[in-house]
Asks: 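To start, I am sharing the structure in question, which I have written as structure tokens.
Below, chain A is the first sequence line, B the second, and so on; all start at residue 1.
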Amino acid sequence: MKLDSMYQDIILDHYRHPHGKGLRDGDAEVHHVNPTCGDEITLRVKLDGEKVVDISYESQGCSISQASASVLNDLVVGQSVDEAMKVQETFLELMQSKGRLEPDEAMEEVLEDAVAFAGVSKYPARVKCALLSWMAWKDATAKALSEAPVPNEEGA
Amino acid sequence: MKLDSMYQDIILDHYRHPHGKGLRDGDAEVHHVNPTCGDEITLRVKLDGEKVVDISYESQGCSISQASASVLNDLVVGQSVDEAMKVQETFLELMQSKGRLEPDEAMEEVLEDAVAFAGVSKYPARVKCALLSWMAWKDATAKALSEAPVPNEEGA
Amino acid sequence: MTQLQGLLDTEAIRKDFPILDRLVHDGKKIVYLDNAATSQKPRQVLDALNEYYERHNANVHRGVHVLAEEATALYEGARDKVAAFINAPSRDEVIFTKNASESLNLVANMLGWADEPYRVDRDTEIVITEMEHHSNIVPWQLLAQRTGAKLKWFGLTDDGRLDISNIDRVITEKTKIVSFVLVSNILGTVNPVEEIVRRAQDVGALVLIDASQAAPHMVLDVQSLGADFVAFTGHKMCGPTGIGVLWGRQELLEDLPPFLGGGEMIETVSMHSSTYAPAPHKFEAGTPPIAQAVGLGAAVDYLSSLGMDSIAAHEHAITEYAVKRLLEVPDLRIIGPGTAEDRGAAISFTLGDIHPHDVGQVLDEQGIAVRVGHHCARPVCLRYGIPATTRASFYLYSTPAEVDALIDGLEHVRNFFG
Amino acid sequence: MTQLQGLLDTEAIRKDFPILDRLVHDGKKIVYLDNAATSQKPRQVLDALNEYYERHNANVHRGVHVLAEEATALYEGARDKVAAFINAPSRDEVIFTKNASESLNLVANMLGWADEPYRVDRDTEIVITEMEHHSNIVPWQLLAQRTGAKLKWFGLTDDGRLDISNIDRVITEKTKIVSFVLVSNILGTVNPVEEIVRRAQDVGALVLIDASQAAPHMVLDVQSLGADFVAFTGHKMCGPTGIGVLWGRQELLEDLPPFLGGGEMIETVSMHSSTYAPAPHKFEAGTPPIAQAVGLGAAVDYLSSLGMDSIAAHEHAITEYAVKRLLEVPDLRIIGPGTAEDRGAAISFTLGDIHPHDVGQVLDEQGIAVRVGHHCARPVCLRYGIPATTRASFYLYSTPAEVDALIDGLEHVRNFFG
Ligand SMILES: Cc1ncc(COP(=O)(O)O)c(C=O)c1O
Ligand SMILES: Cc1ncc(COP(=O)(O)O)c(C=O)c1O
């Protein structure tokens, strides 16, 4: 069934057991929505110099957008900002491929679990769901890099 | 030729030699335009009690609108306002007939030369041309009846 | 499949709609249950469009040649048809717009620029409801921001009805306009027009009714509604996209200022000043949606030939059946009235904690087209504490078998995410 | 009939346009010379409309089912096509409206509600020209009335060109917006864009170009024009009625406020406030003209397949021939440039003192469709002291034989009223 290419087990697992969900202390916070469907995410990043030490989030949305935030947390926390940006770009490339891109080994190495989203790229209406958290992360990171750190109280 | 039913000789005669054209002293003045084509008329009526003693006008427009103003002047000047309104209504009825009304004797008696416009009623775009002066006259008359007479200077 | 009373002859009707034979996802016949978003178009409407373009196309008004006269007669003839369809006292009260959203914005803008007594400005109030479509919220928010007027609204009861218990406090002497939806596109609720109109009239406020979800489905009689303006949209009632209607009372259309300026809406123009044509032309700037009006005229003919009462009866039967069957699905919660009384044929629901996007996706795979999301009525989702709903909506060609397909599909959804 | 250089293969092209075989007035084949009012539609465009309605019709965006995805892809695909057609730097700069008039009003309204530095209000100036279509006059008159801004304009020379000798006095530091027509629909004049844009940029004014009579006939490259906004309309360029375009520079579209509020144009809505989607959606409230955009996309494909340069060359040849032959007609006076240089394919004229309505009527009787009146450009008629003109306007399917038919027809008119 074609559906299985979108709803891979890996995706359903992340959806049912999201990694890193919840809001914790961070250097910058953003709120993104997908006007198409109303999915929403509040996301914070915590950096330590060049390193992404935490991505925390509160979100509401479909399995795809939930799973994708969980995978984001998995892949990016612990990386340097530069490495993480490369992961983000690769994920973006995969999602914009309209199902025409067969992830190669190099891509699999970068994206790990996230290659499971290849099937989603065939469904234009869902691509935005998959990208919501990634776009929010990129935005929050840019903010964190340009701003003074958020004091703890504000993060509460 | 079908055109001849619109451009009857009587109409072309009135067009080439309009009766009563020019602005003279009046009790009320109106300015009407046909937004469809830009035809314009400035028209004054002079009443003496219940009697229409003059219809004077300055106008710009096609043969149909020019001829119809001339015929209006012919038919209505000298009549009582009541009689004149009846002529106007009959003309309106003819023009709105979409070419489906064959003027009978009674109508011919009321409309005289104006029955020549029967052919125009087949051309929706031209009906407004034919009615322009008649609508202006009706409007001016209503104004004259409801207003104090226009002093001579204003009429100049 | 069940034997329901009052159904239309859908077997014959469905032959008029080519798209209903469309196969999707490896040969499944489409089950189109997204009619509140847009309806499908019968052959008769497509024929009218083709006939217009292939034989009569010209710009309207201002032309003396055959095509221009024919196009004008067709365009103005469509206005006559729409006027008759809504029982308008005069054809000149029917304004063609591009969609219901433009119709609603048109009224908001007219009132913002109007003279007294209609002018909305500081110290005046605008009243809407919490179940409005965004197209009947945002124009009023913009007007309120730009004029300083205050925006107020009626809330909702837990079972998806308008809460008008506080009507005398919501609609007051300061209210200039009350704008509300006749049939909600998300809840399906049919609202109590009479009571609201009466109160508005008592305080001298104008009333605008958003009939976008009513015109396609029931008899719409603007005179018996008693409102001042009624807006609706062509594409939901078997007509083409790109055409909407605003009906307004003649005196108001005469008194109120124009909105868009341009060709067709003028009487005379000089560089220094312009005067405007009488309504409806005053509100139709530029080349109108000519073919689309002609198509809407054909749609209105089509609907009338079936009879709006019969259409309403058909949909009522389908809705009653659908509500009953949906309530049998475990974990399914209807958002909106839980019966078929005073409700239209759009039914929103949630299914456990499966997100509507996922519900819609799995239904789609089975060829069943529903809409998911906030349906341009996000305040309703906020009100009921849900992110979104799945909405199935029916029309004159919907069948009990399609309801059954939906129920089976939902079973499959539950298994998939179970 | 004459042998002209640079003509298209009209014999083949005319087969694409079913209406050109239409017989009128007892079997006369129509000679359609009213293309500046609206163009005819090729089979390819009608096929695209039918295909859309018969196979893919659904409301766009917000849908996860097959039809909604297909309709969205087709609608957004049309945006890509239009963006490529006008060489827009980004597809998101292409806004679909209902016609050029809405596009022009949209800009006027955005500027009226904008923040600094764009805001038009008291103490600022708006610049247009005396040869504008009413749709590019009235919106600015309304804006001037409503904001207190001053409306100024360029006058015309005796031979139908823009008089920009006083450009430094007309466009000043107070000017916020300069809006002018690229090709006049009444005079046929092609205006000098570069000089006006340069002066506007010098004083920091925005530039809006009305390309309604340019887009159908020549290469339209928004980047080389250098303007901030470009407006045009679908029905004059082989597309359906009910669709127009506004192109605008991305930064501006981001900064400027929305116009119509409603579904599709929002990001998030609560009863208390709303935020807006990014352009182009911010300016597309409500269900868009979906089928019409798809049709316009097909029209753009059709035009591109012929080549805009080839179309321009064809029309230039026809126009040159028509000007030459018209000037041979006794008592005929061309209103507008008397040569084919820097002019489009619309030619206005007067014929002695025979009123244009009468000219048009007698031509119609011979199957020749021209437009008569002030062509929504009454100030031009006032400027040249004439009540109206007769206008013949050509397009890609026009032939020299049709020019000859017009000349014969005018001879007949002269005899009839002689
Ligand atoms: C130069 C020009 N501008 C604007 C318009 C208005 O276009 P529309 O009527 O499609 O809004 C037209 C056509 O009528 C035109 O010729
Ligand atoms: C209740 C209601 N009002 C207004 C609208 C807006 O209609 P349109 O999108 O055609 O402008 C819709 C449809 O989306 C609706 O359901």
Side-chain angles (χ1 to χ4, degrees), chain C residues 18-19 22 24 37-38 40-41 46 50 53-55 57-59 62-67 98-102 105 130 133-135 137-139 141-142 153 235 240-242 260-263 266 269-271 274 285-287 289-292 357 360-361 364 369 371-373 376 378-379 382, chain D residues 18-19 22 24 37-38 40-41 46 50 53-55 57-59 62-67 98-102 105 130 133-135 137-139 141-142 153 235 240-242 260-263 266 269-271 274 285-287 289-292 357 360-361 364 369 371-373 376 378-379 382:
Chain C
I19 206 172
R22 172 75 197 274
V24 296
T38 200
Q40 297 304 340
K41 324 302 174 200
L46 304 186
N50 285 319
Y53 283 127
E54 290 178 9
R55 293 190 48 79
N57 175 62
N59 213 325
R62 296 168 301 159
V64 292
H65 59 79
V66 181
L67 297 185
K98 68 173 173 179
N99 54 25
S101 302
E102 185 188 355
N105 278 275
E130 203 174 0
H133 188 279
H134 293 162
S135 292
I137 298 176
V138 183
Q141 289 180 335
L142 286 170
W153 56 87
H235 66 90
T241 59
L260 302 182
I266 55 93
V269 172
S270 77
M271 294 307 286
S274 300
T287 303
I290 307 170
Q292 292 73 38
H357 258 211
Q361 194 81 55
D364 172 58
R371 189 127 310 215
V372 299
C376 290
R378 187 167 174 274
L382 295 178
Chain D
I19 206 173
R22 172 77 196 273
V24 296
T38 200
Q40 297 305 339
K41 323 303 173 200
L46 304 186
N50 285 319
Y53 283 127
E54 289 178 10
R55 293 189 49 80
N57 176 64
N59 212 327
R62 296 167 300 159
V64 292
H65 59 78
V66 181
L67 297 185
K98 69 173 173 177
N99 55 24
S101 302
E102 185 188 353
N105 279 275
E130 203 175 359
H133 189 279
H134 292 163
S135 292
I137 298 177
V138 183
Q141 289 179 336
L142 287 170
W153 56 87
H235 66 91
T241 58
L260 303 182
I266 55 93
V269 173
S270 77
M271 293 308 285
S274 300
T287 303
I290 308 170
Q292 293 72 39
H357 258 210
Q361 195 80 56
D364 172 58
R371 189 126 310 216
V372 299
C376 290
R378 188 168 172 273
L382 294 178

Asks: Highest number of heavy-atom pairs under 4.5 Å with chain C: which of Gln292(D), His357(D), Met271(D), Glu54(D)?
Replies: Met271(D)

Asks: Should Pro379(C) and Val269(D) count as side-chain neighbours, where that means a heavy-atom distance under 4.5 Å?
Replies: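 Heavy-atom side-chain distance check passes, below 4.5 Å.
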
Asks: Measuring heavy-atom distances to chain C, does Leu260(D) have an atom under 4.5 Å in its side chain, in its backbone, in both, or in neither?
Replies: both

Asks: Check each atom of Ile290(C) against the heavy atoms of chain D and say whether the ones under 4.5 Å are side chain, backbone, both or neither.
Replies: both

Asks: What residue, out of Leu46(D), Val138(D), Ile19(D), has the most heavy-atom pairs lying under 4.5 Å from chain C?
Replies: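 Looking at each of Leu46(D), Val138(D), Ile19(D) in turn, Ile19(D) comes out on top.
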
Asks: Spell out, as yes or no, whether a donor-acceptor pair under 3.5 Å connects the side chain of Thr38(C) to the backbone of His235(C).
Replies: yes

Asks: Is it the backbone or the side chain of Arg55(D) that comes under 4.5 Å from a heavy atom of chain C, or both, or neither?
Replies: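 Backbone plus side chain of Arg55(D), per the 4.5 Å heavy-atom cut-off to chain C.
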
Asks: Could you look at Gln141(C) and say if it's the side chain, the backbone, both or neither that has a heavy atom under 4.5 Å from chain D?
Replies: side chain

Asks: Mind ranking Gly373(D), Cys376(D), Ala100(D) by heavy-atom pairs under 4.5 Å with chain C and telling me who comes out on top?
Replies: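 The option with the most such pairs is Cys376(D).
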
Asks: Between Gln361(D), Gln40(D), Glu130(D), which residue shows the highest count of heavy-atom pairs closer than 4.5 Å to chain C?
Replies: Gln40(D)

Asks: Most heavy-atom pairs under 4.5 angstrom with chain D, which of Val64(C), Asn57(C), Val24(C)?
Replies: Asn57(C)

Asks: Looking at residues at least two apart in the chain, or sitting in another chain, which of them share a side chain to side chain donor-acceptor pair (under 3.5 Å) with His133(C)?
Replies: Ser135(C)

Asks: Measure the OG1-OH distance between Thr241(C) and Tyr53(D) for me, rounded to the nearest 0.5 Å.
Replies: 3.5 Å

Asks: Looking at residues at least two apart in the chain, or sitting in another chain, which of them share a side chain to side chain donor-acceptor pair (under 3.5 Å) with Asn59(C)?
Replies: Thr287(C)

Asks: How close do Ser270(D) and Arg378(C) get, counting heavy atoms only, and between which atoms?
Replies: N-NH1, 4.2 Å

Asks: For Lys98(D) and Asn99(C), what are the C-alpha separation, side-chain angles and deciding distance, and is it a side chain to side chain contact (heavy atoms under 4.5 Å, CB included)?
Replies: CA-CA 10 Å; Lys98(D) 69 173 173 177; Asn99(C) 54 25; over 6 Å; no

Asks: Which answer fits Leu382(C), side chain, backbone, both or neither, if we ask what part of it has an atom under 4.5 Å from a heavy atom of chain D?
Replies: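 The answer is the side chain of Leu382(C).
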
